[in-house]
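Everything numeric here is computed off the predicted structure, so don't read it as measured data. Whatever order the structure lists ligands and atoms in, that order sets their numbers, starting from 1. Scope of the values below: all heavy atoms of this structure, side chains included, with no hydrogens, waters or symmetry mates.
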Amino acid sequence: MRTEQPKTIHLKDYQAPEYLIDETHLTFELFDDHTLVHAELHMRRNPDRGAGLPPLVLQGEELELLSLSVNAEPQTPNEYQVESDHLTIQPCGNNFTLSTTVRIHPETNTALEGLYTSGKMFCTQCEAEGFRKITYYLDRPDVMSVFTTTIKADKVKYPILLSNGNPIANGEEEGGRHWATWEDPFKKPSYLFALVAGDLWCIEDTYTTGSGRDVALRIYVEPENIGKLQHAMDSLKRSMRWDEEVYGREYDLDIFMIVAVNDFNMGAMENKGLNIFNSSAVLASPDTATDAAHQRVEAIVAHEYFHNWSGNRVTCRDWFQLSLKEGFTVFRDAGFSSDMNSETVKRIEDVAFLRTNQFAEDAGPMAHPVRPDSFIEISNFYTLTVYEKGAEVVRMLHTLLGANGFRKGTDLYFERHDGQAVTVEDFVKALEDANGADFTQFKRWYSQSGTPRLEVAEAFDEQAKTYTLTFRQSCPPTPGQPTKEPFVIPVKLGLLGGQGQELPLRLAGETEDTVTDRVIAVTEAEQSFTFEGITEKPLPSLLRGFSAPVKLSFPYTREQLMFLMQHDSDGFNRWDAGQQLAVQVLQELIIQQQKGEVMVLDQRLVEALRTVLEDERLDQAMVAEMLALPTEAYLVELSEVADIDAIHAARDFARDELVKALYEPLWKRYQANRETSRNTPYVAQADHIARRSLQNIALGYLMLSRKPEVVAAAQEQFDNCDNMTERLAALSALVNSDFEAEKTEVLERFAERYKNDPLVMDSWFNVQAASYRPGGLDRVKALMGHPAFTLKNPNKVRALIGAFANQNLINFHQKDGSGYRFLADQIITLNALNPQIASRLLTPLTRWRKYDETRQQLMRGELERIMASGQLSSDVYEVVSKSLA
Ligand code: TRP
Ligand code: ZN
C-alpha cells in the first residue's frame, strides 16, 4: 500500500543504470510461516555512466532485512539506509559483492506478486516489478545477470524444487529437508526469474530441434490434473516447430518446463525455461474445457514459448517498451493460431475483440500510445493497447514489407540484439535496415494514441474510365494529445464489378497489368488514388483483412453490403459486410425503440442470413460468425451516448424476429450437426470446432422460440454429449431461457458433477453471471456465498464479478446504480487483497462518459467513493484518478 502520493514515471527521464549485476546467487529457505532469501550479487560500476561512485540504490518492498555485507564484511545499520521501497549503500570500489538476507512472507501474500503460495505450492510472479518483493535488487529490465538458485524445503511437502535453467546439484539435509540448485546460463533481467516448489506431477516428452538437439519438455501440475495436459504438450511441440519454420528460431536450453498454478493474476508468464501458467491456460480435456478453452491454451502456450526469443533473448530496455515484446509476441501467436486453425476465423475473432474493447480503451480516460510516455503503476499498462493494438502495428509493418521482407527484418533484429535490452526504435530500425525502408512517419503509431478515422469517398468517370478513391484521415483528441499528425495507413483493397468479378488495379502512371488485390499506403490527411481502365462503376472492398486498426467509413447501401457478403473474395470482408449491415439495421431499431415507435426489422438482414444459412458449401465456422449479431458491447462502443436499454431491446427484438423467420433452416442445421456430434468422438480440430460452433449458435437462437422440441433438444444435448463445448452451450441456452425448472435442474446437476473441478465451476459461475435474465445482481450476490467462490482467486473474481460487469450490460447498468455500487464494494475489498485484480475490475466504471447523465453521476459517484475509501494501492489510485480527471 502506498503511503505518499504515487509518483509519475516518464520515458524522457530514462537513464542507464549506475551499477550492473554480473552474477546473482540466490538461496531460498522455504518454511511454513516465513521464507529466508539469501542473495549474493556480484556488482560492478556501469562503465557507460562515467567515473565516480554514486550511492547504490536497490529496490526492495515488504522485506525484513536481517543482514547485509559488502565483500563479506558485515555492515552495521549506520552504513546503509533502509526505506519502505529501497535500500541505499555507498560502494567503495568499482567491483564488489553485496550479500543480503531478508525474511519474507509468501504464505500471506494475496497480491500474487513476488513469491507466494497457491494452495499447497510455492511459486513466483516477477513481471513487471515483483522481484523487489523477493530481495533487494536493481529490479529493472536493462540490468541482466546470470542466476544460480538454490531452494531448500521440506522433502515430503515439496518434493519438486524448480527454477530457471538447468538442474546442477541436489541433496538432503537434516530435519527431513532437501535442496536443489539450478543454473541459468543466459543473462536475464529479474522479471524473468522463477521458482516453484510443491508436490507436483508431470508429463514428459522430447523435442528434437532443427539442428538435432534434444530438449526435455515437462508440464507440472498438482496430481489431480495430470490427465489434462496432453493438449498443452501438443501445442508446445507445434509452437517449437512453427517458430523454427516461420522465424528460424530454435530453443536454446536442454529443458523447457511449464507449471500450472490455480491462483494467477494473468494468463501466463514466460520466465526463462520455466513458464508459469494460470491453470486455465494449460489444462484442457474434452470433458472439462470448451473448444474456445482449447484454442486459448494453444495460443497462450505458443505466446509464452515465443517470448523465449521475442522478450527473453532480446528483452526490453525499460517498461515503456513493453509492446516491443508483447505486441510482437501477440502478432507471432496470432500467426501461429491462424496457421493451426482457420486464418479467416482467427482474424474475425481478433478484429471483433479489438474493435469492441481496444477501441473503447482508446476512447476512454486511460487511453495511451502503444508506447506510453508516462505511468504511475506499470501493472496498469498490460493493456489491450500495448498487446492487441501493438500486434496490429507489427502486422501493418508485415503488410508493408511483405512476408519475406519482414522475415529479413526480424532475422536482423534477433541477430543484432541477441542478449540485449532494447527499444521499439531498435526493432523498427532492424526492419528498415534489412529492407532499405523508411518508417519515420510510420512510427507515429507507437507515439500517438486514439483510433484514427478513415473516411472514404468515390468518384467514377465513365468517359475517362477512371475510378478515384479519396481518403480523409483524422484522429480524435486523447489525454495529453489534443492534436495528431497523419498516420501511415496501409489499405488493402479490391474493386468488384457488377458480376462480382475482381477488377485489375492499375493506378495512374502504372503501365504493367496489375493484380486485383493490393495494398496502398495512405500517408496524408487527405489523399486520392485513381485507378485506370475501369469500364464500369465498381464496388470497393476496403481495408481487407482489417489491414489497419482504424474506423473506416464508406457510404455503402444495404444492397451493396449484401453484394459484398456474397461476392467479396476476401473472407474477412465478407463477414465484415454482414456486420456492417447488421449494425445499420440494429441502429435503426435502436432509434425506433427510443422514439417509442414499433420496431420493424429490415427483411434484407433476414434474407442475407437465410442465404448464408442455406449455403451448405460455406465453412461452418464462417456461417456461425455471420449469424452472430454484433454484441451489445460493440453497439455501445459505436454509440455517441449509449442507451443500453434501447440497445438491449433492439438486439433482443432482432434475434426474436430472426428466429421466427429462420426457424426451419436453423433447426435443420442444428439437427444435422448435433447428429454428427452425437456420432463423432470429440476432437479439438478446426472442422469439428466449426461444426459445434454453428450447432451451438443455432441452439441459442432456437431457444428463443420457446418450443418444447428445442427445450428437449437442449436437454438431450446436455445429457448425452461427450464434451464441455456442447454441455456448456446447452446449459447456457437453458440458463438464458425462462424455463425455470429445467434451468435449476441442469445447474444443479452440472455443479454436482463438477464440484471438485475449480475451472469448470468458473464456467458455471460465468454462465449465470452473464445471463441477461432479470435479477442478475441478486444472482451474483447469492453466488458469492457459494462454497466454491472466493475473492482470493482471480479466476473466480473474473468468472463472477468480471463477467457480470463486462458481459451482462443490462443488469450491470440498472438505473438505480445497484450494479455500480456492488462493483465498487468489491473493488474496495480487493484493493487491499490484490491491487492488480482490483484495478482491472475498474474498467467498466472508467467508461462512464458513454452513458446518460443519470448513469454518469452514479458511476462517478462510485469512483469518488473508491477514491475516498482509504489507503489505495498505486494500481487503483492511478485508474480512479485518471478516470475522474
Ligand atoms: N508477460 C506476460 C505475458 O505473457 C504477462 C504477465 C503475466 C503479467 N503475469 C503478469 C504482467 C503479472 C503483469 C503482472 O503476457
Ligand atoms: Zn506476453
Atom 5 (C) of ligand 1: the protein heavy-atom neighbour that sits closest, reported with distance to 0.1 Å: Tyr387 OH, 3.3 Å

Pair Tyr446 and Phe427, ring centroids less than 6.0 Å apart: no

Any N or O of His303 closer than 3.5 Å to N or O of ligand 1: yes

For Glu270, the ligand 1 atoms whose distance to one of its heavy atoms is below 4.0 Å: 1 (N), 2 (C), 3 (C), 4 (O)

Nearest protein heavy atom with distance in Å, relative to atom 14 (C) of ligand 1: Glu127 O, 3.3 Å

Contact atoms of ligand 1, heavy-atom distance to Glu304 under 4.0 Å: 3 (C), 4 (O)

Parallel, tilted or perpendicular: ring planes of Phe328 versus Phe406, cut at 30 and 60 degrees: perpendicular

Ligand 1 contact by Ala268, heavy-atom criterion under 4.0 angstrom: yes

Close side-chain approach of Asn109 to Glu62, heavy-atom, < 4.5 Å: no

Tyr382-ligand 1 polar pair, N/O distance under 3.5 Å: no

Closest approach of any protein heavy atom to atom 8 (C) of ligand 1, naming residue and atom: Met266 CG, 3.5 Å

Metal site angle (apex the Zn ion (ligand 2)), OE1 from Glu326 and NE2 from His303, 10 degrees: 110°

Per-atom contacts, ligand 1 versus Met269 - under 4.0 Å to a heavy atom: 1 (N), 2 (C), 7 (C)

Within-shell test, Glu113 vs ligand 1, heavy atom, strictly < 4.0 Å: no

Geometric class of the His303/Tyr387 ring pair [parallel <30°, tilted 30-60°, perpendicular >60°]: parallel

Output field: ring centroids Phe336/Phe306 closer than 6.0 Å: yes

Numbering as shown, the atoms of ligand 1 that approach Lys325 to under 4.0 Å (heavy-atom distance): 1 (N)

The Zn ion (ligand 2) contact by Glu304, N, O or S atom under 2.8 Å: no

Ser337 side-chain N/O to Ala334 backbone N/O, donor-acceptor pair under 3.5 Å: no

All ring pair (Phe, Tyr, Trp, His ring centres under 6.0 Å) counterparts of His368, not counting sequence neighbours: Phe381

Validation row: Met269, Leu192 side chains within 4.5 angstrom (heavy atoms): yes

Phe256 ring center near Tyr207 ring center (under 6.0 Å): no

Partner set under side chain to side chain contact (heavy atoms under 4.5 Å, CB included) for Leu112, not counting sequence neighbours: Tyr116, Asp263, Asn265, Pro794, Asn834

Close N or O approach (Asn265, ligand 1; < 3.5 Å): no

Interfacing atoms of ligand 1 (cut-off 4.0 Å, heavy-atom, His307): 4 (O)

